[in-house]
Amino acid sequence: MIGFRRAGGLAGTSDACEDATVPDAGLPGLPGLPGLLGLRGLRSVDDHTKAVAALLAPTDRPTEVQQRPLAECRGLALAADLLAAVSLPPFDNSAMDGYAVRSVDVAGASRDEPVELDVSEDIPAGRTDAPVLQPGTAHRIMTGAPVPPGADAVLPVESTDGGLVRVHLYGAVAPGTNVRRAGEDVRVGDVVLRRGQLLGAAQLGAAAAVGSATLPVHRPLRVLVLSTGSELVAPGNPLEHGQIYESNGPMLAAAVEEAGGVAELGRFVADDVGVFVQALRARLESVDLVLTSGGVSAGAYEVVKDALAEHGVEFVKVAMQPGKPQGAGRFDGVPVVTLPGNPVSALVSFEIFVRPALLAAAGPPVTAGPRLTAALAEPLSSPAERRQYRRGVYADGSVRLVGGPGSHLLVALAAANCLVEIPEQVTGLPAGAPVEALLLGS
Ligand code: AMP
Ligand code: MG
C-alpha cells in the first residue's frame, strides 16, 4: 500500500481511483450519455458477477444433502420438495369461539327475536371424538376445535348470551360461516415447499405444521474470512497512531452467515506474503470458499495480489464504485474471492458478487435480491463508466442518500437500508429522479 491515499471522493492514488469521482451530490446532475461510453477496459459488473458465480456453481461442486432437525435448518436451502403428510387444516374446525349450529336452525334469528337452543356438548380445542350435532341443538365450541358432524356453521359467542345449558342466538349465519375447511391451505400430497426454497420462519412453521420433524437441506458452505493489513488491530486493544480497528472480518463473517453460509473467521494477517499464504493453507482443506479483504489494489504491499496472482487467481478492475479492485479464482483448487479492503467496498462487493453466488451455490434457484424503484430525494453525481452504488435510506417510495460515495464511510453504510444503483452511463441525477434500490438485509 502506498501512503497518501485519499478516500472519499478526492482523486489521488490508485485506490482513490476506487472512490474517485466528481465532487459529491448537491450539484445538478448532468444528463447521462447512454451507449456512448465504453468501460475503458474495465470488467463489467455483470461479467464479474458471472465469474464469481461460476466459481461456486453447484455443477462444479456437488452439494451435500443432510437431514437436519427443524431448529437447525434456518437460513438453509431445502434439498427436496416437501409434500404434505397431512392436510391443513387436517379437519374442519372452528374459526371462532362460539356455538356450532345448523344454519337452518338459526334462520331469521336477531337481537329482537333470538333463537333458543339446548347446548348439548362442549367442544374445546383438542377434543378428539366427534359428537354429532342433533337438529335443534347447539354445541359450544372453541377456536380450532373440530366442527361436529351435522353442524354447518359457527355463531360467534359475541352474537349469543353465552349460555351453557341453553343459549340465545342473536343472529343468522350462512352455511360455512366461521368454518375453516379441511385442506383449505394444503391437501395431503400437495407440495408445501419447493426444492431450493430458503428456510425462514414461515417455511419452518409450514414444515412443522405438516408434521416434519427434520428436513433435507444442502450443507451450508464453509467460508474462510481472512482480512489483511499491517495497520489492523483487534477491537478491544489500544490503537497507536497509524493503526485502525479491524472491521472487515466480523462484518464479512456476519454477511456470510446472513447468506446461509458458515463463516470461519481467520485471524487477520499482516501484509506479509509468507504469513498470508501460511494462514490460508492452514484452513484451506476445511472450507468451500476463501473470502479475503484488502491487499488487491494497485499500490505496493498488496499482499493478496502478490501471493495469489501467480496461483491462478485473476485480479481485475471492475467498472464499479465502490469496489473497483477485485479478484477471483482458485488456490489449490479452492475457490477464492478477494475483496477490496475499504470496508464499504468490501461489503458492497459482497452484496453484489458473493451473496448471490453463495445463495445459488446453496441450492436455490438464483434469486436477485429485492429491488424497488424509488424517487431520489436529492441530486447526485456519479462517475462516467462506473456502476455506482450509493448508500441510502428508503422509506415511503423515496430514497435519501446517507454519506458520500467514499468507500471508507462504514458508519453511513450501517445506517443505510439499501444500495442505490446508478448505471454506468449516468453521470448525474436530479432530485425526484427514479432510481433502483437494492434492499439490504432482506
Ligand atoms: P487495502 O485494499 O488493503 O489497500 O485497504 C484499503 C483501505 O481499507 C485502507 O484504508 C485499509 O486500512 C482499509 N482496510 C483494509 N482492510 C481492513 C479491515 N480488515 N478493516 C478495516 N479497514 C480495512
Ligand atoms: Mg491493506
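We use all heavy atoms of the structure for the numbers below, so side chains are in, but hydrogens, waters and symmetry mates are not. Atoms within a ligand are numbered from 1 in the order they appear, just like the ligands themselves.
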Check your understanding: Does Gly229 have a non-hydrogen atom less than 4.0 Å from ligand 1?
Key -> no
Point to revise | Donor on one side chain, acceptor on other, Arg68 and Gln66, under 3.5 Å | key: yes
Check your understanding: For Gln326 and Ser349, does a side-chain donor sit closer than 3.5 Å to a side-chain acceptor?
Key -> yes
Check your understanding: Just which atoms of ligand 1 are under 4.0 Å from any heavy atom in Thr228?
Key -> 16 (N)
Check your understanding: Do Glu378 side-chain atoms and Leu401 backbone N/O form a donor-acceptor pair below 3.5 Å?
Key -> yes
Revision key, fill the gap. Atoms of ligand 1 under 4.0 Å from any heavy atom of Gly295, numbered from 1 in the order shown, are 1 (P), 2 (O), 3 (O)
Review point. Is there any ring pair (Phe, Tyr, Trp, His ring centres under 6.0 Å) pair reaching into residues 302-336, and which pairs are they, with sequence neighbours excluded?
Key: His311-Phe331
**Study point:** Pick from Pro343, Gly299, Gly341: the one approaching atom 5 (O) of ligand 1 most closely through a non-hydrogen atom
**Key:** Gly341
Check your understanding: Which of these passes side-chain contact (heavy atoms from CB on, under 4.5 Å) with Leu284: Leu224, Val277, Val290?
Key -> Val290
Study note, to complete from the structure: ligand 1 atoms nearer than 4.0 angstrom to some heavy atom of Ser227 are 19 (N)
Check your understanding: Looking at ligand 1, does Tyr245 have a heavy atom less than 4.0 Å from it?
Key -> yes
Exercise for review: Using a strict cut-off of 4.0 Å, indicate which atoms of ligand 1 neighbour a heavy atom of Ile244.
Suggested key: 12 (O), 21 (C), 22 (N), 23 (C)
**Study point:** Contacting atoms of ligand 1, where contact means under 4.0 angstrom from a heavy atom of Glu231
**Key:** 11 (C), 12 (O)
Point to revise | For Thr160, all residues meeting side chain to side chain donor-acceptor pair (under 3.5 Å), sequence neighbours excluded | key: none
